[in-house]
Structure formats: C-alpha cells, structure tokens
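Here's the structure we're looking at; comments come further down.
Just so it is clear, the structure is predicted and the values come from calculations on it, not from any experiment. A, B, ... follow the sequence lines: proteins, then strands. Residue 1 opens every chain.
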Number of protein chains: 2
Amino acid sequence: MRERLFSVVRPTARRASVAIDLVPVTPMRGGLATLLVPSMDPRAREPWILPWDAPRDVETLDDGAARVCRAALGGRSVPLEQVGAFGDGQRHPGEAEISITFAALVPLGGASVALEIEARWFDVDALPALAPRQQRIVAAALESLRARLDLASVAFRLLPPAFTLTELQAVYELLVGRALHKASFRRTLQAAGVVEPLAEWRSDGRGRPAQLFRRAPVDDRAIRRGVRFELL
Amino acid sequence: MRERLFSVVRPTARRASVAIDLVPVTPMRGGLATLLVPSMDPRAREPWILPWDAPRDVETLDDGAARVCRAALGGRSVPLEQVGAFGDGQRHPGEAEISITFAALVPLGGASVALEIEARWFDVDALPALAPRQQRIVAAALESLRARLDLASVAFRLLPPAFTLTELQAVYELLVGRALHKASFRRTLQAAGVVEPLAEWRSDGRGRPAQLFRRAPVDDRAIRRGVRFELL
DNA sequence: TCAATAGTGTCTGTTAGACATTATGGA
DNA sequence: TCCATAATGTCTAACAGACACTATTGA
C-alpha cells in the first residue's frame with residue numbers, strides 16, 4: 001500500500017475530542033502522592049479520576065492546565081510541567097480521544113491545605129483502580145519527573161521556599177529512587193552555591209533542630225564553578 | 001470569579017482540530033538538520049512547513065506519528081520521541097488548534113536516501129522562515145533532545161548500527177553543545193562497556209582508518225559497575 | 001617525508017562515598 | 001543521662017581532564 005505524498009495531497013486536520021488531564025504530585029510520608037477526584041460520570045467504571053477539563057477556545061494549553069490546577073487545588077497556583085499527549089485511537093465511554101497531560105508540582109505540605117472539592121491524595125504506590133489510560137498517564141508523569149535532566153528545578157518546586165537540607169535530600173531521593181550520601185550531598189550543595197542558609201531553625205520535637213535554607217537566587221554558579229555533581 | 005467545582009459540574013471534552021507534526025532530525029555536516037516539506041496550503045505565508053498529518057480514528061498517536069514519518073522519509077521507519085503538545089488557543093488559517101509533536105531520529109547518513117517527495121533538509125541554524133508556532137515546535141524538539149537524561153540512547157539512535165568513536169563523540173557534542181575530551185570519552189565508554197568493537201575499519205581517504213563499533217547489547221553494565229560518567 | 005586522523009599512556013586535581021565524630025535539642 | 005537528629009572532618013579510591021605521545025593511512 002502506498003503512503004500519501006505530501007506534495008500531492010494536502011492533509012486536513014481532524015477534529016477530535018481533547019481533554020487536559022492533571023497529575024498533581026507532592027511529597028508525602030516518605031513517598032509521592034497524587035490527587036484524585038471522584039468521577040461524576042455514570043458511564044465510568046472506576047470511582048476516581050484525575051482532575052481534568054476541556055481546553056477552552058481562547059487559552060493556551062498551559063493556561064488551560066493552570067485553570068484545571070486552580071480548580072483542583074482550591075485556587076492555589078503551582079508550577080506545571082507538560083508530560084505529553086496520550087491517545088490510543090479508541091473511544092472509551094466518557095473519555096476524550098486525546099488527553100494532554102500536565103504534572104502539577106505541589107510543594108511539600110501543600111497537601112494539607114483545605115480543598116473545596118471532594119478530592120483525596122493517594123500514595124502513588126497505593127492508588128485505587130484507575131481506567132487503563134489514566135494509569136498510563138500517572139506512570140508517565142512520575143517517570144518524566146524522575147527522568148528530568150534538571151532534577152534540581154523539579155526538587156525545589158516540590159519544596160516550600162524554606163526547607164531543611166534533610167527535606168531537600170529526601171525529595172532528591174524520591175526522584176532518583178535511591179539513597180544519597182548525606183555528607184557528599186551537603187558538601188556539593190555548598191560548593192555549588194545552590195542553597196542559602198536562613199537565620200532560622202526548625203525542630204521536629206526531638207533531635208537537634210535543623211537549619212532552614214532557601215534556593216539561592218542565581219544557580220548558574222554550579223556550571224560556572226565546574227561542579228560535576230550528577231544531580232545538579 | 002469562582003472556579004468550577006469538579007464535584008458539581010462534570011466537564012465535557014471539547015472537539016478541537018488536531019495535527020501530528022514531525023520534526024525529523026539528523027546529524028549533518030557537523031550540525032543538526034531537519035526536514036521540511038513545501039507548504040501546499042495557499043493560505044500559508046511561509047513556503048516550508050514540518051511534515052504533518054491528522055491523527056486517524058483507530059490509531060494511537062505513536063502510530064500516527066510513525067505513519068507521517070514513513071510518508072516524509074520515503075517509507076523508512078526511524079525511532080520517534082514525543083516532544084509535547086502545542087496550542088495557543090488561537091486559530092491561524094491552515095493551522096490546527098492543537099499540534100502534537102514528535103521528533104524523528106534519523107541516523108547519520110540517512111539524509112542522503114532518496115525522498116519520494118519534494119522535501120529538503122535544512123541546517124537547524126539556517127532554517128527558512130517558518131510560521132511562529134512551527135518555529136517554537138522545532139526549538140522545543142531540539143531542546144528536548146539536548147536535555148534528555150538518557151543521552152546515550154538518543155545518541156545511538158542518531159547513528160547507524162556501525163559507527164566510529166569519533167562519530168559517536170561528534171553526536172554527543174552536538175547534543176551537549178560543547179567539546180568533549182577524547183581520551184576521557186573513550187576510556188569511559190570502554191569501562192562502561194557500552195560499545196563493542198567490530199572487526200572492521202573504515203577510511204575517509206586520509207589519516208589512519210577508524211575502527212567500527214556497535215552499541216553493546218546490554219548497557220546496564222554502566223550502572224552495575226558504578227560508572228558515574230555524566231553522559232551515560 | 002609530511003599531513004592528517006586514530007588511538008593510548010601518564011599525571012594531577014577534584015570529588016563521591018565510607019566512616020567516624022561532634023553538636024544540639026527533648027525527655 | 002540517654003536518645004534522636006543535625007552537621008562536619010578525614011581518608012581513599014576513582015575519575016575527568018590535560019598533555020604528550022604513538023600508530024596508521026594517503027599523498
């Protein structure tokens with residue numbers, strides 16, 4: 001069978017149903033958690049779905065994702081990352097043909113803010129049953145966060161403005177999926193100048209209180225000074 | 001203004017015009033080149049566009065991209081990478097509302113195969129005028145190749161099965177955007193066992209002939225042996 | 001012999017990781 | 001005082017990069 005030639009036939013864009021799906025992600029209890037909302041669709045078999053909406057006429061996809069995000073998180077705005085587009089060419093009841101997915105990076109502790117809707121955070125290792133495509137979407141979103149070259153920027157966006165180095169290390173470990181060496185981690189952060197100490201300490205009730213840090217304003221320094229740390 | 005609540009209102013997917021755009025990429029004359037086709041749309045201002053088509057009813061997006069790819073490359077199949085979805089919410093004449101973009105990794109030398117259509121390879125640093133969105137799409141595709149965590153797999157897919165180490169290094173340098181140290185590069189490849197020497201040599205006419213290599217079947221070895229080389 | 005490219009040997013500064021130790025809070 | 005957590009000091013093996021060198025082809 002012969003493929004269509006571009007120079008002869010001009011293709012016409014096809015209209016397809018499109019949804020913007022959101023995968024909200026936050027560090028929680030030593031792991032990552034994602035936010036699901038109850039499915040209001042009577043045709044759906046699974047009770048939980050990812051927050052979603054249709055893109056609107058006059059907004060960019062990024063703006064649409066931000067809108068879905070605000071609706072799901074009770075008005076809060078958090079950093080978004082596009083994960084990709086999914087579509088298996090089959091029409092499942094109540095499911096768009098094409099789903100464009102964004103991960104929402106909710107900072108540590110952000111899961112505890114009051115949600116205006118009936119939503120729940122689930123540990124990503126203990127999700128309820130999801131529709132097949134939704135399952136793939138969640139997996140892809142986590143994968144894309146973990147595989148990101150610029151790990152530092154993902155890590156910092158999963159943390160509040162002030163954090164302890166232990167928290168930063170824990171987030172890094174979630175992302176790379178293995179334990180890191182504490183002394184090494186701290187030495188390199190300092191050498192690269194990617195964090196700045198604050199004049200504040202925080203105690204968890206037991207043990208020595210930890211100093212709080214923030215991300216340093218400029219972090220090209222890591223490159224300038226030739227730091228080779230694989231995680232920065 | 002109040003945001004919509006998921007628990008109250010169930011959104012409905014919107015139908016939008018969707019296109020699959022392809023960014024074919026290949027190493028060429030010391031840089032990267034991309035394939036453009038003549039625009040057959042009389043409404044278009046720019047004479048060249050990226051190869052594209054509409055997704056079909058019963059195919060996945062990946063299959064659709066593979067189809068566009070075969071049509072553009074004269075039947076050849078090459079590895080594809082999804083870059084992302086683009087849509088500014090505005091309707092430009094002859095342009096889909098949403099464009100889902102794939103990069104096609106055409107191995108070194110693949111640009112010289114006969115194309116069945118009126119297509120041309122352009123150095124990515126000397127592209128003709130493109131529509132604004134197409135320009136953004138090309139930039140994003142290159143960015144995503146360069147920023148990939150798994151540089152090795154992108155590099156090998158931009159090379160034929162048998163290649164010289166100088167070629168491999170050149171591709172790496174294109175991807176990371178800087179010169180690499182020859183001795184270091186080779187030492188690390190050997191230590192990690194990511195390439196295997198073949199019993200073949202190739203001469204460019206002058207200088208000592210270079211040995212040909214292929215990618216080693218298993219490359220978890222790099223991890224097993226604890227290789228830390230930033231590029232593997 | 002020269003030019004050009006492929007490929008290797010040796011050295012050194014830097015760093016990741018191991019390990020041990022000190023510091024500082026609460027009970 | 002004991003426990004728990006934070007934070008740091010020292011040592012070592014390993015590696016990236018610098019540099020110089022050898023190897024192998026064609027002209």
Worksheet item: Between dA4(D) atom P and Arg202(A) atom CZ, what is the distance in whole Å?
Response: 21 Å

Mind listing the side-chain donor-acceptor pairs of residues 22-29 of chain A below 3.5 Å, one per line with the distance, residues two or more places apart or on another chain?
from	atom 1	to	atom 2	distance (Å)
Thr26(A)	OG1	Val106(A)	O	2.6
Thr26(A)	OG1	Pro107(A)	O	3.3

Item to complete: Just grab all the side-chain hydrogen bond (donor to acceptor under 3.5 Å, both in side chains) pairs involving residues 153-164 of chain A, residues at least two apart or on different chains.
Response: Glu81(A)-Arg157(A), Asp150(A)-Ser153(A), Ser153(A)-Arg157(A)

Discussion item. Between Glu200(A) and Arg214(A) (salt bridge meaning N to carboxylate O under 4.0 Å), is one present in this structure?
Written reply: no

Would you be so kind as to tabulate the donor-acceptor pairs closer than 3.5 Å made by side chains of residues 134-145 of chain B, with sequence neighbours excluded?
from	atom 1	to	atom 2	distance (Å)
Gln134(B)	OE1	Leu50(B)	N	2.9
Ser144(B)	OG	Ala141(B)	O	3.3

Discussion item. Does a side-chain N or O of Arg206(A) approach OP1 or OP2 of dG25(C) to a distance below 4.0 Å, or not?
Written reply: no

Response to the item:
From CZ of Phe163(A) across to C1' of dA6(D) the rounded distance in Å is 16 Å

Worksheet item: What is the distance, rounded to the nearest whole Å, between atom CG of Leu180(B) and atom C1' of dC15(D)?
Response: 15 Å

Discussion item. Among residues at least two apart in sequence or on other chains, which ones pass ring-ring contact (aromatic ring centres under 6.0 Å, His included) with Phe163(A)?
Written reply: Phe156(A)

Report, one pair per line, the protein and nucleotides 7-10 of chain C atoms (nitrogen or oxygen only) whose separation is under 3.5 Å.
from	atom 1	to	atom 2	distance (Å)
dG7(C)	OP1	Gln211(B)	N	2.7
dG7(C)	OP2	Arg186(B)	NH1	3.2
dG7(C)	O5'	Arg186(B)	NH1	3.4
dG7(C)	N7	Lys182(B)	NZ	2.5

Worksheet item: For the pair made of CG in Asp204(A) and C1' in dT5(D), what is the distance, rounded to whole Å?
Response: 9 Å

Fill in: Check: dG25(C) base within 3.5 Å donor-acceptor of Ser203(A) side chain
no

Item to complete: In whole angstrom, give the distance that lies between atom CD of Glu173(B) and atom C1' of dG17(D).
Response: 14 Å

Worksheet entry | Euclidean distance, atom CZ of residue Phe185(A) to atom P of dG17(C) [Å, nearest integer] | 12 Å

Item to complete: Name all residues meeting the salt bridge (Lys or Arg N to Asp or Glu O under 4.0 Å) criterion together with Arg76(B); count only those two or more places apart in sequence or in a different chain, and write none if there are none.
Response: none

